[in-house]
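Encoded as C-alpha coordinates, the structure appears first; notes follow it.
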Amino acid sequence: MPNFLEVNHLKVWDKSSGEVILHDSSFKVNAESCLAVVGESGSGKSVTCRAIMRLNKPWVSQSGEILLHGENLSFLSDKEMRQKRGKTMYLIMQHGMSAFDPSTVVGVHLYETLKQHFGWNKHEAAGHMSIAMKSVMLKEPMEIMNKYPHQLSGGMLQRIMIALALVLEPDLIIADEPTTALDTISQYEVLEQFLQLRERLGCSMIFVSHDLGMVRKLADEVLVMKNGVIVEQGSTESIFTAAKHEYTRYLVSTKQTLNDHFKSVMGGQGVAKR
Amino acid sequence: MLSVNGVSKSYNKSGWFQKDKQRVLEDVSFQCGQGECLGIIGESGSGKSTLGRLILGIERPDTGEILFEGKRLGDAKIRAGNISAVFQDYTSSINPFFTVEQAIQEPLNNLKSGLKSHSDLIDDLLLQVGLHSDYRKKYPHELSGGETQRVCIARAISTSPKCIVLDEAISSLDGSVQLQILDLLKDLRSKINTAYIFITHDIQAAAYICDRIMIFRNGSIEEMVSTDQLKDVQSHYAKKLLQMTILN
(Lines give C-alpha, C1' and ligand atoms only; values in the text may rest on other atoms or scores of the structure.)
Protein backbone atom coordinates (compact mmCIF):
# COMPACT_ATOMS: atom_id res chain seq x y z
CA MET A 1 0.00 0.00 0.00
CA PRO A 2 2.27 2.78 -1.18
CA ASN A 3 -0.28 5.58 -1.31
CA PHE A 4 -2.66 5.89 1.53
CA LEU A 5 -4.70 8.82 0.26
CA GLU A 6 -4.79 9.72 -3.39
CA VAL A 7 -6.50 12.78 -4.77
CA ASN A 8 -6.85 12.92 -8.54
CA HIS A 9 -7.97 15.92 -10.58
CA LEU A 10 -9.93 17.46 -7.76
CA LYS A 11 -11.87 20.45 -9.01
CA VAL A 12 -14.04 22.59 -6.75
CA TRP A 13 -16.29 25.36 -7.95
CA ASP A 14 -19.06 27.64 -6.78
CA LYS A 15 -22.38 26.52 -8.26
CA SER A 16 -24.08 29.91 -8.35
CA SER A 17 -21.28 32.07 -9.74
CA GLY A 18 -19.42 29.35 -11.61
CA GLU A 19 -16.21 30.56 -10.03
CA VAL A 20 -13.56 27.83 -9.87
CA ILE A 21 -11.95 27.64 -6.43
CA LEU A 22 -9.66 24.67 -7.01
CA HIS A 23 -8.53 24.05 -10.56
CA ASP A 24 -7.01 20.63 -10.92
CA SER A 25 -5.41 19.28 -7.77
CA SER A 26 -3.70 15.93 -7.72
CA PHE A 27 -1.60 14.77 -4.82
CA LYS A 28 -0.82 11.74 -2.71
CA VAL A 29 -0.25 11.16 0.96
CA ASN A 30 1.88 8.14 1.81
CA ALA A 31 1.07 5.90 4.71
CA GLU A 32 2.44 7.20 8.02
CA SER A 33 3.70 10.42 6.49
CA CYS A 34 2.75 14.03 6.94
CA LEU A 35 1.91 16.30 4.04
CA ALA A 36 1.93 20.02 4.73
CA VAL A 37 -0.16 22.38 2.61
CA VAL A 38 1.13 25.95 2.59
CA GLY A 39 0.03 29.08 0.81
CA GLU A 40 -1.59 32.46 1.38
CA SER A 41 -5.10 32.83 2.65
CA GLY A 42 -7.57 32.35 -0.17
CA SER A 43 -5.27 29.93 -1.97
CA GLY A 44 -7.65 27.01 -1.47
CA LYS A 45 -5.97 25.17 1.40
CA SER A 46 -9.03 24.86 3.60
CA VAL A 47 -11.28 24.08 0.64
CA THR A 48 -9.01 21.14 -0.22
CA CYS A 49 -9.33 19.79 3.33
CA ARG A 50 -13.08 20.17 3.37
CA ALA A 51 -13.38 18.60 -0.08
CA ILE A 52 -11.63 15.49 1.22
CA MET A 53 -13.98 15.36 4.20
CA ARG A 54 -16.85 16.33 1.89
CA LEU A 55 -17.79 19.13 4.23
CA ASN A 56 -17.91 22.02 1.80
CA LYS A 57 -20.90 24.32 1.76
CA PRO A 58 -23.92 23.05 -0.20
CA TRP A 59 -23.46 25.63 -2.96
CA VAL A 60 -19.95 24.36 -3.63
CA SER A 61 -19.54 21.41 -5.99
CA GLN A 62 -16.59 19.13 -6.46
CA SER A 63 -15.44 16.63 -9.06
CA GLY A 64 -12.51 14.25 -9.37
CA GLU A 65 -11.67 11.21 -7.31
CA ILE A 66 -10.50 10.88 -3.76
CA LEU A 67 -9.17 7.43 -2.93
CA LEU A 68 -8.66 6.38 0.66
CA HIS A 69 -7.16 2.88 0.97
CA GLY A 70 -8.14 2.54 -2.69
CA GLU A 71 -11.80 3.20 -1.91
CA ASN A 72 -13.35 6.05 -3.84
CA LEU A 73 -14.97 8.40 -1.35
CA SER A 74 -17.05 10.18 -3.98
CA PHE A 75 -19.24 7.08 -4.40
CA LEU A 76 -20.14 6.85 -0.71
CA SER A 77 -23.57 7.93 0.45
CA ASP A 78 -23.90 10.70 3.00
CA LYS A 79 -24.62 8.15 5.70
CA GLU A 80 -21.50 6.10 4.93
CA MET A 81 -19.47 9.29 4.78
CA ARG A 82 -20.66 10.19 8.27
CA GLN A 83 -19.25 6.92 9.55
CA LYS A 84 -15.91 7.70 7.94
CA ARG A 85 -15.62 11.13 9.50
CA GLY A 86 -14.09 11.03 12.94
CA LYS A 87 -13.12 7.37 13.00
CA THR A 88 -11.23 7.10 9.71
CA MET A 89 -10.64 10.73 8.85
CA TYR A 90 -10.33 13.25 11.61
CA LEU A 91 -10.48 17.01 11.08
CA ILE A 92 -8.91 19.45 13.50
CA MET A 93 -10.15 22.97 12.88
CA GLN A 94 -8.52 26.34 13.24
CA HIS A 95 -10.92 27.73 15.81
CA GLY A 96 -11.47 25.37 18.71
CA MET A 97 -14.16 27.75 19.84
CA SER A 98 -16.39 27.08 16.84
CA ALA A 99 -15.52 23.38 16.58
CA PHE A 100 -17.34 22.59 19.81
CA ASP A 101 -21.01 23.11 20.52
CA PRO A 102 -21.18 26.39 22.48
CA SER A 103 -24.45 25.47 24.22
CA THR A 104 -23.22 22.38 26.04
CA VAL A 105 -20.20 21.49 28.11
CA VAL A 106 -17.26 20.04 26.19
CA GLY A 107 -17.81 16.59 27.71
CA VAL A 108 -21.22 16.09 26.08
CA HIS A 109 -19.70 16.58 22.65
CA LEU A 110 -16.95 14.08 23.43
CA TYR A 111 -19.34 11.45 24.84
CA GLU A 112 -21.62 11.74 21.82
CA THR A 113 -18.75 11.27 19.40
CA LEU A 114 -17.41 8.25 21.24
CA LYS A 115 -20.86 6.70 21.59
CA GLN A 116 -21.40 7.05 17.86
CA HIS A 117 -18.17 5.30 16.94
CA PHE A 118 -17.62 2.81 19.76
CA GLY A 119 -21.01 2.53 21.48
CA TRP A 120 -19.42 3.40 24.81
CA ASN A 121 -21.52 4.66 27.68
CA LYS A 122 -20.68 7.86 29.51
CA HIS A 123 -18.57 6.15 32.11
CA GLU A 124 -16.39 4.27 29.62
CA ALA A 125 -16.00 7.34 27.42
CA ALA A 126 -14.98 9.50 30.38
CA GLY A 127 -12.40 6.93 31.42
CA HIS A 128 -10.78 6.76 28.01
CA MET A 129 -10.91 10.52 27.54
CA SER A 130 -9.27 11.18 30.94
CA ILE A 131 -6.27 9.07 30.06
CA ALA A 132 -5.93 10.73 26.67
CA MET A 133 -6.35 14.23 28.09
CA LYS A 134 -3.71 13.63 30.74
CA SER A 135 -1.31 12.55 28.01
CA VAL A 136 -1.75 15.89 26.20
CA MET A 137 -0.89 17.75 29.41
CA LEU A 138 -4.44 18.66 30.37
CA LYS A 139 -4.62 18.33 34.12
CA GLU A 140 -7.91 17.59 35.89
CA PRO A 141 -9.70 16.22 32.81
CA MET A 142 -13.05 15.73 34.54
CA GLU A 143 -13.19 19.39 35.48
CA ILE A 144 -12.37 20.45 31.93
CA MET A 145 -15.06 18.18 30.47
CA ASN A 146 -17.62 19.98 32.62
CA LYS A 147 -16.77 23.36 31.21
CA TYR A 148 -18.24 25.24 28.27
CA PRO A 149 -16.00 26.02 25.28
CA HIS A 150 -15.89 29.74 26.09
CA GLN A 151 -14.45 28.98 29.52
CA LEU A 152 -11.41 27.28 28.01
CA SER A 153 -8.51 28.82 26.15
CA GLY A 154 -7.85 28.20 22.47
CA GLY A 155 -4.80 26.08 23.23
CA MET A 156 -6.77 23.90 25.63
CA LEU A 157 -9.59 23.31 23.14
CA GLN A 158 -7.06 22.40 20.50
CA ARG A 159 -5.47 19.90 22.87
CA ILE A 160 -8.89 18.42 23.68
CA MET A 161 -9.34 17.85 19.94
CA ILE A 162 -5.97 16.11 19.86
CA ALA A 163 -6.93 14.01 22.91
CA LEU A 164 -10.11 12.91 21.15
CA ALA A 165 -8.00 11.94 18.14
CA LEU A 166 -5.85 9.80 20.44
CA VAL A 167 -8.93 7.88 21.58
CA LEU A 168 -10.48 7.52 18.12
CA GLU A 169 -7.18 6.49 16.52
CA PRO A 170 -8.06 7.71 13.03
CA ASP A 171 -6.12 6.61 9.94
CA LEU A 172 -5.87 10.12 8.56
CA ILE A 173 -5.74 13.39 10.48
CA ILE A 174 -6.43 16.61 8.66
CA ALA A 175 -5.33 19.64 10.66
CA ASP A 176 -6.55 22.92 9.21
CA GLU A 177 -4.36 25.69 10.63
CA PRO A 178 -4.49 24.26 14.16
CA THR A 179 -2.07 26.78 15.63
CA THR A 180 -2.87 30.00 13.78
CA ALA A 181 -5.19 31.32 16.48
CA LEU A 182 -2.81 30.51 19.32
CA ASP A 183 -0.09 32.48 21.05
CA THR A 184 3.59 31.55 21.00
CA ILE A 185 3.60 29.32 24.08
CA SER A 186 0.42 27.43 23.15
CA GLN A 187 1.71 27.06 19.59
CA TYR A 188 4.81 25.38 20.89
CA GLU A 189 2.84 23.07 23.16
CA VAL A 190 0.37 22.09 20.45
CA LEU A 191 3.23 21.43 18.04
CA GLU A 192 4.77 19.09 20.63
CA GLN A 193 1.46 17.27 20.91
CA PHE A 194 1.25 16.87 17.15
CA LEU A 195 4.71 15.38 17.03
CA GLN A 196 3.76 12.91 19.76
CA LEU A 197 0.43 12.17 18.09
CA ARG A 198 2.28 11.06 14.98
CA GLU A 199 4.68 8.93 16.99
CA ARG A 200 1.91 7.24 18.96
CA LEU A 201 -0.69 6.61 16.28
CA GLY A 202 1.54 6.28 13.26
CA CYS A 203 -1.22 7.83 11.20
CA SER A 204 -1.05 9.88 8.04
CA MET A 205 -1.55 13.58 8.37
CA ILE A 206 -2.42 16.57 6.24
CA PHE A 207 -1.21 19.70 7.98
CA VAL A 208 -2.40 23.02 6.66
CA SER A 209 -0.52 26.07 7.82
CA HIS A 210 1.05 29.28 6.71
CA ASP A 211 3.62 29.05 9.47
CA LEU A 212 6.65 27.61 7.73
CA GLY A 213 8.47 27.14 11.01
CA MET A 214 5.92 24.59 12.12
CA VAL A 215 5.79 22.94 8.72
CA ARG A 216 9.50 22.34 8.74
CA LYS A 217 9.33 20.66 12.15
CA LEU A 218 6.40 18.41 11.36
CA ALA A 219 6.05 17.61 7.68
CA ASP A 220 7.74 15.07 5.42
CA GLU A 221 6.38 16.57 2.24
CA VAL A 222 5.14 20.01 1.33
CA LEU A 223 2.55 21.17 -1.15
CA VAL A 224 2.58 24.84 -2.11
CA MET A 225 -0.68 26.34 -3.31
CA LYS A 226 -1.50 29.66 -4.91
CA ASN A 227 -4.88 30.81 -6.21
CA GLY A 228 -6.32 27.29 -6.21
CA VAL A 229 -3.42 25.79 -8.13
CA ILE A 230 -0.64 23.59 -6.78
CA VAL A 231 2.53 25.38 -7.78
CA GLU A 232 5.04 23.02 -6.29
CA GLN A 233 5.31 19.84 -4.27
CA GLY A 234 8.28 17.97 -2.90
CA SER A 235 10.05 16.84 0.22
CA THR A 236 10.31 19.36 3.06
CA GLU A 237 14.06 19.75 2.71
CA SER A 238 13.93 20.37 -1.02
CA ILE A 239 11.19 22.99 -0.60
CA PHE A 240 13.14 24.86 2.04
CA THR A 241 16.56 24.66 0.48
CA ALA A 242 16.07 24.25 -3.25
CA ALA A 243 12.64 25.50 -4.20
CA LYS A 244 12.02 25.55 -7.93
CA HIS A 245 9.06 27.88 -8.11
CA GLU A 246 9.54 31.58 -7.55
CA TYR A 247 6.53 31.82 -5.26
CA THR A 248 7.87 29.12 -2.95
CA ARG A 249 11.21 30.87 -2.74
CA TYR A 250 9.38 34.09 -1.89
CA LEU A 251 7.42 32.43 0.92
CA VAL A 252 10.53 30.85 2.37
CA SER A 253 12.62 34.02 2.11
CA THR A 254 10.11 36.22 3.95
CA LYS A 255 10.05 33.84 6.89
CA GLN A 256 13.81 33.65 6.75
CA THR A 257 14.15 37.44 7.06
CA LEU A 258 12.27 37.48 10.37
CA ASN A 259 14.18 34.46 11.58
CA ASP A 260 17.57 35.84 10.72
CA HIS A 261 16.80 39.10 12.46
CA PHE A 262 15.62 37.27 15.55
CA LYS A 263 18.68 35.07 15.55
CA SER A 264 21.00 38.04 15.24
CA VAL A 265 19.20 39.75 18.15
CA MET A 266 19.46 36.63 20.24
CA GLY A 267 23.09 36.11 19.26
CA GLY A 268 22.29 32.67 17.93
CA GLN A 269 21.59 31.15 21.31
CA GLY A 270 18.74 30.02 23.49
CA VAL A 271 16.37 29.11 20.69
CA ALA A 272 14.43 25.91 20.36
CA LYS A 273 15.88 23.38 17.98
CA ARG A 274 14.52 19.93 17.55
CA MET B 1 5.46 61.50 25.89
CA LEU B 2 3.16 58.75 27.12
CA SER B 3 3.45 57.76 30.71
CA VAL B 4 1.44 55.09 32.45
CA ASN B 5 1.50 55.30 36.24
CA GLY B 6 0.34 52.53 38.54
CA VAL B 7 -2.62 51.48 36.42
CA SER B 8 -4.94 48.69 37.59
CA LYS B 9 -8.07 47.35 35.98
CA SER B 10 -10.51 44.62 36.90
CA TYR B 11 -13.61 43.19 35.30
CA ASN B 12 -16.65 41.56 36.81
CA LYS B 13 -16.49 37.84 36.45
CA SER B 14 -19.11 36.29 34.24
CA GLY B 15 -22.12 34.95 36.08
CA TRP B 16 -25.16 36.84 37.29
CA PHE B 17 -24.77 36.55 41.00
CA GLN B 18 -21.03 36.56 41.33
CA LYS B 19 -19.70 39.69 42.90
CA ASP B 20 -16.01 38.90 42.83
CA LYS B 21 -13.87 40.68 40.32
CA GLN B 22 -11.08 39.45 38.13
CA ARG B 23 -7.94 41.52 38.21
CA VAL B 24 -6.74 42.04 34.62
CA LEU B 25 -4.06 44.66 35.17
CA GLU B 26 -2.08 45.06 38.37
CA ASP B 27 -0.11 48.24 39.04
CA VAL B 28 1.38 48.74 35.57
CA SER B 29 3.82 51.60 35.07
CA PHE B 30 5.95 52.46 32.06
CA GLN B 31 6.96 55.31 29.78
CA CYS B 32 7.02 55.56 26.02
CA GLY B 33 9.13 58.24 24.46
CA GLN B 34 8.58 60.30 21.31
CA GLY B 35 9.02 58.20 18.18
CA GLU B 36 9.79 55.08 20.13
CA CYS B 37 8.52 51.63 19.25
CA LEU B 38 7.56 49.71 22.35
CA GLY B 39 6.62 46.05 21.98
CA ILE B 40 4.28 44.42 24.44
CA ILE B 41 4.44 40.64 24.28
CA GLY B 42 2.65 38.03 26.34
CA GLU B 43 0.34 35.06 26.22
CA SER B 44 -3.31 35.40 25.34
CA GLY B 45 -5.26 36.42 28.40
CA SER B 46 -2.31 38.22 29.96
CA GLY B 47 -4.05 41.59 29.71
CA LYS B 48 -2.01 43.15 26.94
CA SER B 49 -5.05 44.08 24.84
CA THR B 50 -6.74 45.61 27.89
CA LEU B 51 -3.66 47.77 28.38
CA GLY B 52 -3.93 48.77 24.70
CA ARG B 53 -7.56 49.78 25.18
CA LEU B 54 -6.68 51.85 28.23
CA ILE B 55 -3.99 53.71 26.29
CA LEU B 56 -6.52 54.38 23.54
CA GLY B 57 -8.96 55.72 26.09
CA ILE B 58 -11.66 53.24 25.10
CA GLU B 59 -11.72 52.17 28.73
CA ARG B 60 -10.69 53.91 31.91
CA PRO B 61 -8.34 52.50 34.52
CA ASP B 62 -9.74 51.73 37.98
CA THR B 63 -6.77 53.26 39.70
CA GLY B 64 -3.68 55.04 38.47
CA GLU B 65 -3.44 57.43 35.56
CA ILE B 66 -2.23 57.59 31.99
CA LEU B 67 -0.65 60.87 30.95
CA PHE B 68 -0.15 61.98 27.38
CA GLU B 69 2.34 64.83 27.22
CA GLY B 70 1.63 65.58 30.84
CA LYS B 71 -2.16 65.72 30.44
CA ARG B 72 -4.68 63.14 31.54
CA LEU B 73 -5.76 60.85 28.76
CA GLY B 74 -9.38 60.71 29.90
CA ASP B 75 -10.09 63.93 28.03
CA ALA B 76 -11.17 63.10 24.48
CA LYS B 77 -9.80 66.43 23.19
CA ILE B 78 -6.30 65.36 24.14
CA ARG B 79 -6.64 62.06 22.33
CA ALA B 80 -8.26 63.34 19.16
CA GLY B 81 -5.85 63.04 16.27
CA ASN B 82 -2.95 62.24 18.56
CA ILE B 83 -3.52 58.58 19.29
CA SER B 84 -4.84 56.10 16.76
CA ALA B 85 -5.18 52.35 16.50
CA VAL B 86 -4.87 49.38 14.16
CA PHE B 87 -6.59 46.20 15.29
CA GLN B 88 -6.19 42.52 14.58
CA ASP B 89 -9.50 41.77 12.96
CA TYR B 90 -9.25 43.64 9.69
CA THR B 91 -12.62 42.37 8.49
CA SER B 92 -14.48 44.32 11.18
CA SER B 93 -12.19 47.34 11.34
CA ILE B 94 -13.76 49.25 8.46
CA ASN B 95 -17.44 50.08 8.11
CA PRO B 96 -18.58 47.78 5.27
CA PHE B 97 -20.71 50.57 3.79
CA PHE B 98 -17.73 52.89 3.47
CA THR B 99 -15.37 53.05 0.55
CA VAL B 100 -11.65 53.20 1.25
CA GLU B 101 -11.81 56.94 0.67
CA GLN B 102 -14.59 57.48 3.19
CA ALA B 103 -12.89 55.27 5.74
CA ILE B 104 -9.69 57.28 5.60
CA GLN B 105 -11.61 60.55 5.60
CA GLU B 106 -13.59 59.75 8.74
CA PRO B 107 -10.98 60.73 11.35
CA LEU B 108 -10.08 63.82 9.33
CA ASN B 109 -13.68 64.99 9.28
CA ASN B 110 -13.96 64.44 13.01
CA LEU B 111 -11.02 66.72 13.58
CA LYS B 112 -12.76 69.60 11.79
CA SER B 113 -9.37 71.11 11.19
CA GLY B 114 -10.56 72.67 8.02
CA LEU B 115 -13.31 71.95 5.54
CA LYS B 116 -11.04 71.87 2.51
CA SER B 117 -11.12 68.72 0.49
CA HIS B 118 -8.66 66.11 1.62
CA SER B 119 -8.44 64.66 -1.84
CA ASP B 120 -4.71 65.08 -2.33
CA LEU B 121 -4.04 63.95 1.19
CA ILE B 122 -5.85 60.65 0.64
CA ASP B 123 -3.87 59.92 -2.52
CA ASP B 124 -0.75 60.70 -0.61
CA LEU B 125 -1.72 58.45 2.30
CA LEU B 126 -2.58 55.56 0.01
CA LEU B 127 0.75 56.02 -1.73
CA GLN B 128 2.55 55.96 1.60
CA VAL B 129 1.05 52.59 2.50
CA GLY B 130 1.84 51.23 -0.95
CA LEU B 131 -1.61 51.30 -2.54
CA HIS B 132 -2.58 52.90 -5.84
CA SER B 133 -5.14 55.71 -5.84
CA ASP B 134 -7.50 53.41 -7.78
CA TYR B 135 -8.30 51.84 -4.43
CA ARG B 136 -10.21 54.93 -3.30
CA LYS B 137 -13.55 53.76 -4.62
CA LYS B 138 -13.25 50.18 -3.46
CA TYR B 139 -15.18 48.62 -0.59
CA PRO B 140 -13.49 46.62 2.18
CA HIS B 141 -14.80 43.25 0.97
CA GLU B 142 -13.03 43.77 -2.35
CA LEU B 143 -9.66 43.94 -0.63
CA SER B 144 -7.39 41.17 0.60
CA GLY B 145 -6.32 40.97 4.23
CA GLY B 146 -3.01 42.71 3.65
CA GLU B 147 -4.63 45.48 1.61
CA THR B 148 -7.31 46.07 4.25
CA GLN B 149 -4.67 46.30 6.93
CA ARG B 150 -2.82 48.83 4.77
CA VAL B 151 -5.99 50.92 4.54
CA CYS B 152 -6.33 50.70 8.34
CA ILE B 153 -2.76 51.94 8.68
CA ALA B 154 -3.43 54.76 6.21
CA ARG B 155 -6.44 55.74 8.31
CA ALA B 156 -4.37 55.57 11.48
CA ILE B 157 -1.68 57.89 10.14
CA SER B 158 -4.11 60.28 8.43
CA THR B 159 -4.20 62.71 11.36
CA SER B 160 -0.41 62.51 11.86
CA PRO B 161 -0.78 61.06 15.33
CA LYS B 162 2.04 61.06 17.86
CA CYS B 163 1.27 57.52 18.90
CA ILE B 164 -0.28 54.47 17.21
CA VAL B 165 -1.45 51.42 19.13
CA LEU B 166 -1.10 48.29 17.00
CA ASP B 167 -3.04 45.54 18.72
CA GLU B 168 -2.05 42.23 17.07
CA ALA B 169 -2.09 44.16 13.80
CA ILE B 170 -0.24 41.48 11.86
CA SER B 171 -1.35 38.33 13.66
CA SER B 172 -4.14 37.32 11.32
CA LEU B 173 -2.12 37.91 8.17
CA ASP B 174 -0.07 35.33 6.27
CA GLY B 175 3.63 35.02 6.86
CA SER B 176 4.69 36.77 3.68
CA VAL B 177 2.17 39.59 4.08
CA GLN B 178 3.22 40.01 7.72
CA LEU B 179 6.70 40.94 6.62
CA GLN B 180 5.39 43.43 4.06
CA ILE B 181 3.34 45.19 6.75
CA LEU B 182 6.25 45.16 9.19
CA ASP B 183 8.51 46.72 6.58
CA LEU B 184 5.82 49.29 5.83
CA LEU B 185 5.54 50.19 9.52
CA LYS B 186 9.30 50.49 9.82
CA ASP B 187 9.44 52.67 6.77
CA LEU B 188 6.60 54.92 7.95
CA ARG B 189 8.19 55.40 11.32
CA SER B 190 11.35 56.74 9.78
CA LYS B 191 9.26 59.18 7.72
CA ILE B 192 6.67 60.50 10.14
CA ASN B 193 8.32 59.77 13.49
CA THR B 194 5.35 58.43 15.42
CA ALA B 195 5.60 56.22 18.45
CA TYR B 196 4.27 52.68 18.14
CA ILE B 197 2.85 50.56 20.90
CA PHE B 198 3.13 47.18 19.23
CA ILE B 199 1.06 44.55 21.02
CA THR B 200 1.67 41.01 19.81
CA HIS B 201 2.34 37.45 20.82
CA ASP B 202 4.83 37.03 18.00
CA ILE B 203 8.25 37.61 19.52
CA GLN B 204 10.02 37.47 16.19
CA ALA B 205 7.87 40.25 14.77
CA ALA B 206 8.36 42.34 17.91
CA ALA B 207 12.11 41.85 17.73
CA TYR B 208 11.99 42.93 14.09
CA ILE B 209 10.60 46.42 14.59
CA CYS B 210 10.66 47.35 18.28
CA ASP B 211 13.24 49.36 20.19
CA ARG B 212 12.17 48.11 23.57
CA ILE B 213 10.19 45.03 24.50
CA MET B 214 7.97 44.63 27.50
CA ILE B 215 7.18 41.08 28.56
CA PHE B 216 3.76 40.93 30.08
CA ARG B 217 2.38 38.20 32.29
CA ASN B 218 -0.82 37.90 34.31
CA GLY B 219 -1.54 41.61 34.19
CA SER B 220 1.83 42.92 35.25
CA ILE B 221 5.17 43.68 33.65
CA GLU B 222 7.48 40.73 33.98
CA GLU B 223 10.44 42.39 32.37
CA MET B 224 11.38 45.33 30.18
CA VAL B 225 14.40 45.06 27.90
CA SER B 226 15.73 46.92 24.92
CA THR B 227 15.65 44.72 21.85
CA ASP B 228 19.42 44.49 21.43
CA GLN B 229 19.63 43.05 24.94
CA LEU B 230 16.86 40.55 24.41
CA LYS B 231 19.24 37.64 24.79
CA ASP B 232 20.16 38.76 28.29
CA VAL B 233 16.66 38.59 29.81
CA GLN B 234 16.75 37.92 33.51
CA SER B 235 13.42 36.43 34.54
CA HIS B 236 12.68 32.76 34.22
CA TYR B 237 9.41 33.34 32.37
CA ALA B 238 11.01 35.57 29.74
CA LYS B 239 13.66 32.95 29.08
CA LYS B 240 11.04 30.27 28.67
CA LEU B 241 9.04 32.46 26.32
CA LEU B 242 12.05 33.07 24.11
CA GLN B 243 12.98 29.41 24.05
CA MET B 244 9.58 28.43 22.79
CA THR B 245 9.85 30.44 19.62
CA ILE B 246 9.62 28.08 16.69
CA LEU B 247 12.23 28.75 14.06
CA ASN B 248 12.67 27.16 10.70
Side-chain angles (χ1 to χ4, degrees), chain A residues 38-43 45 94 148 150-151 153-155 177 179-192 209-218 226 236 239-240 247-248 250-274, chain B residues 13-15 41-46 48-49 88 90-91 143-146 168 170-183 186 200-210 213 215-217 225-233 237-248:
Chain A
V38 298
E40 289 174 29
S41 35
S43 59
K45 307 184 299 261
Q94 178 176 1
Y148 287 89
H150 71 266
Q151 292 173 302
S153 70
E177 310 225 13
T179 59
T180 309
L182 306 178
D183 61 58
T184 314
I185 287 186
S186 314
Q187 263 181 6
Y188 185 81
E189 282 165 357
V190 170
L191 175 69
E192 292 278 290
S209 181
H210 61 243
D211 188 339
L212 293 172
M214 306 221 37
V215 167
R216 197 166 192 176
K217 295 277 180 297
L218 197 62
K226 191 189 184 189
T236 309
I239 291 282
F240 277 95
Y247 179 69
T248 316
Y250 169 69
L251 279 182
V252 172
S253 71
T254 50
K255 180 75 187 168
Q256 207 61 46
T257 313
L258 274 185
N259 262 332
D260 289 347
H261 185 87
F262 187 68
K263 274 183 198 154
S264 73
V265 165
M266 294 297 289
Q269 53 143 6
V271 287
K273 284 215 176 70
R274 280 186 61 105
Chain B
K13 267 192 175 170
S14 57
I41 56 177
E43 288 177 64
S44 36
S46 59
K48 44 190 200 321
S49 291
Q88 174 176 14
Y90 50 81
T91 50
L143 307 174
S144 70
E168 302 275 11
I170 59 156
S171 302
S172 40
L173 301 171
D174 297 333
S176 53
V177 186
Q178 275 185 358
L179 190 73
Q180 290 171 12
I181 298 290
L182 284 174
D183 282 334
K186 252 187 166 176
T200 185
H201 64 249
D202 189 343
I203 301 165
Q204 290 186 51
Y208 192 68
I209 78 164
C210 295
I213 291 179
I215 294 160
F216 213 66
R217 185 197 190 187
V225 284
S226 69
T227 307
D228 41 348
Q229 283 160 3
L230 194 63
K231 60 176 184 291
D232 305 317
V233 286
Y237 176 75
K239 281 179 188 160
K240 185 178 145 215
L241 197 72
L242 289 171
Q243 270 169 9
M244 284 192 167
T245 310
I246 300 160
L247 294 179
N248 70 22

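Lettering follows sequence order; numbering is per chain, from 1. In this text, all values refer to a predicted model and were calculated from it rather than measured experimentally.
Among the candidates B:L179, B:T200, B:D202, the residue making the largest number of heavy-atom pairs closer than 4.5 Å to chain A is B:L179.
Separation of atoms NZ (A:K255) and CD (B:Q178) is listed at 7.5 Å; rounding is to 0.5 Å. The line from CG of A:N259 to OH of B:Y208 is 12.0 Å long, rounded to the nearest 0.5 Å. Rounded to the nearest 0.5 angstrom, A:M266 CE and B:D228 CG are separated by 12.5 Å. Rounded to the nearest 0.5 Å, atoms CD (A:Q187) and CE (B:M244) are 11.5 Å apart.
Only the backbone of B:L173 comes within contact range of chain A, with heavy atoms under 4.5 Å apart. At a 4.5 Å heavy-atom cutoff, the contact between B:Q180 and chain A is made by side-chain atoms alone.
In terms of modelled atom types and a separation under 3.5 Å, the side chain of A:H261 and the main chain of B:A207 share a donor-acceptor contact.
The closest side-chain heavy-atom distance from B:K231 to A:V265 is not below 4.5 Å. Side-chain contact check for B:L241 versus A:Y188: every heavy-atom pair is 4.5 Å or farther apart. Counting heavy atoms from C-beta outward, A:T257 and B:D183 have side chains that stay 4.5 Å or more apart.
The two residues B:S176 and A:L251 make their nearest non-hydrogen contact at OG-CD2, 3.8 Å.
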